[in-house]
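Being a predicted model, the structure only gives us computed values, none of them experimental.
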Amino acid sequence: VQLQASGGGVVHAGGSLSLSCVVSGTAFRINAMNWYRQVSGKQREFVAGITRDGTTNYLDSVKGRFTIARDNVENTVYLQMNSLKPEDTAVYYCNADAWERDYYGVDTMSNLWGQGTLVTVSS
């Protein structure tokens with residue numbers, strides 16, 4: 001199972017960007033899907049999360065500006081980022097809890113990360 005994130009780029013302050021992350025492979029169920037971000041030299045921080053039934057949770061500083069959504073058929077999570085600020089500049093990572101069933105019928109859940117996509121907001 002792999003996560004592939006896309007959609008980063010450079011935008012002026014006040015602008016918008018949309019990120020997406022596709023979970024591919026043999027996972028038969030994806031539970032929580034999340035977005036994190038990391039600035040060089042700092043710890044990775046939680047940005048937004050969404051449960052399978054659509055319950056969302058956000059970092060306080062992005063509430064009202066960012067929206068997380070998911071498509072359970074396409075195993076994709078999205079992050080719409082509006083009113084971007086220079087302090088939103090970071091590498092954004094998607095994260096998901098994915099269930100797989102092995103050859104013997106044993107189900108295992110793994111917490112997986114995408115490769116990161118850079119978002120740069122210029123002032």
Side-chain angles (χ1 to χ4, degrees):
V1 179
Q2 292 185 325
L3 278 64
Q4 181 69 42
S6 61
V10 180
V11 65
H12 289 297
S16 298
L17 279 175
S18 181
L19 307 182
S20 62
C21 176
V22 179
V23 181
S24 62
T26 57
F28 66 86
R29 180 183 175 91
I30 311 296
N31 286 354
M33 303 182 85
N34 308 293
W35 287 97
Y36 285 75
R37 67 187 182 188
Q38 188 170 24
V39 176
S40 180
K42 295 188 177 180
Q43 284 192 332
R44 192 171 296 187
E45 68 174 354
F46 172 84
V47 175
I50 185 167
T51 64
R52 185 169 179 82
D53 65 2
T55 301
T56 59
N57 188 28
Y58 295 94
L59 177 69
D60 283 346
S61 62
V62 308
K63 285 180 181 178
R65 301 188 297 120
F66 291 11
T67 302
I68 188 170
R70 65 187 287 168
D71 183 328
N72 288 334
V73 174
E74 299 294 331
N75 284 343
T76 302
V77 62
Y78 306 93
L79 186 68
Q80 176 64 41
M81 304 182 293
N82 299 326
S83 302
L84 282 160
K85 304 175 180 180
E87 51 264 42
D88 294 318
T89 296
V91 177
Y92 283 71
Y93 296 89
C94 56
N95 167 267
D97 291 330
W99 283 92
E100 294 179 271
R101 179 166 296 163
D102 68 15
Y103 177 83
Y104 303 99
V106 177
D107 295 339
T108 303
M109 190 183 76
S110 301
N111 184 257
L112 303 171
W113 293 89
Q115 85 285 8
T117 183
L118 177 62
V119 171
T120 302
V121 184
S122 61
S123 57

*Give, for atom CD of Q43 and atom CD of Q38, the distance between the pair rounded to the nearest 0.5 Å.*
8.5 Å

_salt bridge (Lys or Arg N to Asp or Glu O under 4.0 Å) partners of R29, counting only residues at least two apart_ = none

_Sub-4.5 Å side-chain heavy-atom contact between L79 and R37_ = no

*State the CD1-CG distance between I30 and N72, to the nearest 0.5 angstrom.*
9.0 Å

*Salt bridge or not for K63 and D60, using N-O below 4.0 Å?*
yes

*Side-chain touch Y78/D71, heavy atoms, less than 4.5 angstrom*: yes

*To the nearest 0.5 Å, how far apart are CD1 in I50 and CH2 in W35?*
12.5 Å

*asked:* Please enumerate all residues that pass ring pair (Phe, Tyr, Trp, His ring centres under 6.0 Å) together with W113, with sequence neighbours excluded.
replied: Y36

*Taking all atoms of both residues into account, what is the closest heavy-atom pair of T56 and I68, and its distance?*
CG2-CG2, 3.7 Å

*Taking all atoms of both residues into account, what is the closest heavy-atom pair of Y93 and G114, and its distance?*
CD2-O, 3.6 Å

N/O donor-acceptor pairs under 3.5 Å from side chains in residues 13-26, not counting sequence neighbours:
| unit_1 | atom_1 | unit_2 | atom_2 | d |
| --- | --- | --- | --- | --- |
| S16 | OG | N82 | OD1 | 2.9 |
| S20 | OG | S6 | OG | 3.1 |
| T26 | OG1 | E100 | OE2 | 2.9 |

*Are the side chains of R65 and D88 in touch, meaning some heavy atoms are under 4.5 Å apart?*
yes

*Backbone N or O of A5 within a donor-acceptor pair of the Q115 side chain at under 3.5 Å?*
yes

